[in-house]
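The residues of the chain are indexed from 1 along the displayed sequence. Model, not experiment: these values are computed from the prediction. Just the heavy atoms: all of them, side chains too, but no hydrogens, waters or symmetry mates, feed the values below. Atoms within each ligand, like the ligands themselves, are counted from 1 in listed order.
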Amino acid sequence: MKLELQKVEEWGLFKNTRRPFIVAGPCSAESEEQVFRTAYDLKCGGINVLRAGLWKPRTRPNCFEGVGEEGLPWLLRVRRELGMKISTEVANIHHVHEALKAGMDMLWIGARTSANPFAMQEIADALRGTDVTVLVKNPVNPDVDLWIGALERLNMAGLKKLGVVHRGFSAYGKHKYRNVPQWQLPIEIRRRYPDMLMLCDPSHIAGKREYVREIAQQAMDLGFDGLMIESHICPEMALSDAAQQLTPENVVKMLENLVIRDAHSENIEYRESIDELRARIDVIDGELLDLLALRMKISDEIGKYKKQNNITILQAGRWEKILEKVFAYGDKKGLDAEFLEKIFKAIHQASIDRQTNIMQEMEKGRPGE
Ligand code: PEP
Ligand code: MN
């Protein structure tokens, strides 16, 4: 389904009309003073859109679950006195009604909610007829269609000011980051919807404040439109996500140090060189495809011989030897072993699949016999 989207420049939300668009603020609104002081310092640093969670979906019970609607007037004060735009997370109809009644400028859907089509449909129905801005965080599991499905439900309810927030994916076991980035998913979203606002939430990916900067930079390098960053006036005292929040001062410093690259350039010399390099890549891709096709043809021949001689398709010893050779030669050529393993596993699997097919076809007495 094609999404009908309104351009971010027309939303009237961000003061700047160029990348990066920034949303920052505490994980949770905790007190009027904490919200106001955080917002004040962010505003002084040039940030115009505040985030603050009122209803907090926590993984385990008995954690701080947010102050709820009690915090709405605190956000309204920020807008009134500082002129910032205000946003919060909604996860059910009640939240939507309260947030709309208060006139929030923007809402976001959390990762645990975008993973649930029933919840998404209820939220979309509750938003029908409004033109509020909604950002949809990726679902906790790496499923592009589930993420897009959430956007489609909102779009079908008439919402056109839609954007996505990449916040990484849950994974079992220990990893450097709290949520695995799996950049290929937001890249796929960008491929399918090149005009949709795409922010990265480096705070929830990182889980620790010392990693926030490197993830933010990576997002900028990949051409994300902006960032949603968690910031608390006193991060150590935060009632939720204390380890990943930055002081407003550090958010501003980090943003000043980010290298922002342009998506395009008008520089003729640059365009000519990049065009030439891309032309060479296209030729090489063509050669790679020809070679792969040739390799598969030879695999097919091998499949036939194995069938005729009643030999198993999988030859563990031979596969070991291929990998050994690949790693040794790849190392000489400066190619990463993990990368080679992925590619050759995929090639080997495709080859086995084709041989299996051939054996089955021959068993049925069709080609080759
Ligand atoms: C949040 O933004 O504080 C939050 C709960 O995020 P997520 O839905 O990404 O876990
Ligand atoms: Mn949080």
Side-chain angles (χ1 to χ4, degrees), residues 21-30 34-35 38-39 42 47 49-61 63-68 71 75 86-92 95-96 99 104 106-116 119-120 123 133-143 146-147 150-151 154 163-171 175 177-183 185-186 189 198-209 211-212 215-216 219 224 226-248 251:
F21 300 105
I22 306 295
V23 179
C27 176
S28 305
E30 298 166 5
Q34 169 250 5
V35 170
T38 307
L42 289 169
I47 292 162
V49 186
L50 181 80
R51 63 148 283 154
L54 297 171
W55 301 278
K56 300 301 301 176
R58 306 310 300 279
T59 303
R60 308 278 300 272
C63 297
F64 173 64
E65 292 191 316
V67 295
L75 299 191
I86 49 177
S87 65
T88 198
E89 173 174 345
V90 290
N92 62 34
H95 304 158
V96 171
M104 284 287 128
M106 182 172 82
L107 307 175
W108 81 82
I109 309 290
R112 293 158 194 77
T113 311
S114 63
N116 180 341
M120 277 315 305
I123 291 171
T133 298
V134 186
L135 301 184
V136 180
K137 288 194 165 198
N138 65 256
V140 277
N141 52 324
D143 184 334
L146 197 54
W147 196 356
L151 291 156
L154 294 168
V164 291
V165 183
H166 167 234
R167 51 75 82 194
F169 302 88
S170 297
H175 298 269
Y177 299 140
R178 175 180 177 190
N179 288 297
V180 189
Q182 304 233 45
W183 296 102
L185 278 99
I189 292 272
M198 189 163 81
L199 305 184
C200 175
D201 170 348
S203 310
H204 285 90
I205 293 178
K208 285 199 182 136
R209 52 189 140 268
Y211 298 141
V212 172
I215 297 163
F224 276 67
L227 303 165
M228 179 188 265
I229 309 167
E230 284 194 340
S231 176
H232 192 289
I233 194 72
C234 181
E236 297 75 21
M237 305 283 285
L239 298 181
S240 60
D241 290 350
Q244 71 195 30
Q245 302 205 55
L246 298 170
T247 60
V251 170

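Partners of Asp241 under the side-chain hydrogen bond (donor to acceptor under 3.5 Å, both in side chains) rule, at least two apart in sequence or in another chain, are Arg178, His204, Gln244. Residues passing the salt bridge (Lys or Arg N to Asp or Glu O under 4.0 Å) test with Arg51 are Glu230, sequence neighbours excluded.
Listed here is the closest heavy atom pair of Leu199 and Leu135: CD1-CD1, 3.7 Å. Ser28 and Phe64 make their closest contact through CB-CE2, 3.5 Å (heavy atoms, listed as atom of the first residue, atom of the second, distance).
Within the 4.5 Å cutoff, the side chain of His232 has heavy atoms near those of the Glu30 side chain. The shortest distance between side-chain heavy atoms of Val164 and Trp147 falls below 4.5 Å. The side-chain heavy atoms of Arg167 and Asn179, taken from C-beta on, include a pair separated by under 4.5 Å.
Classified by interplanar angle (parallel below 30°, tilted 30° to 60°, perpendicular above 60°), the ring pair Trp55/His95 is parallel.
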Could you go step by step and tell me if Val90 and Ile109 meet the side-chain contact (heavy atoms from CB on, under 4.5 Å) rule?
CA-CA 6 Å; Val90 290; Ile109 309 290; 4.0 Å; yes
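With a cut-off of 2.8 Å, the protein N/O/S atoms near the Mn ion (ligand 2) add up to 4.
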Filter the ligand 1-protein atom pairs down to N or O on both sides and distance under 3.5 Å, then list them.
from	atom 1	to	atom 2	distance (Å)
ligand 1	2 (O)	Arg51	NH1	2.8
ligand 1	2 (O)	Arg51	NH2	3.3
ligand 1	2 (O)	Lys137	NZ	2.8
ligand 1	3 (O)	Arg51	NH2	3.0
ligand 1	3 (O)	Lys56	NZ	2.8
ligand 1	3 (O)	His204	NE2	3.3
ligand 1	3 (O)	Glu230	OE2	3.1
ligand 1	6 (O)	Lys137	NZ	3.0
ligand 1	6 (O)	His204	NE2	3.4
ligand 1	8 (O)	Ala111	N	2.8
ligand 1	9 (O)	Lys137	NZ	2.9
ligand 1	9 (O)	Arg167	NE	2.6
ligand 1	10 (O)	Arg112	NH1	2.9
ligand 1	10 (O)	Arg167	NH2	2.8

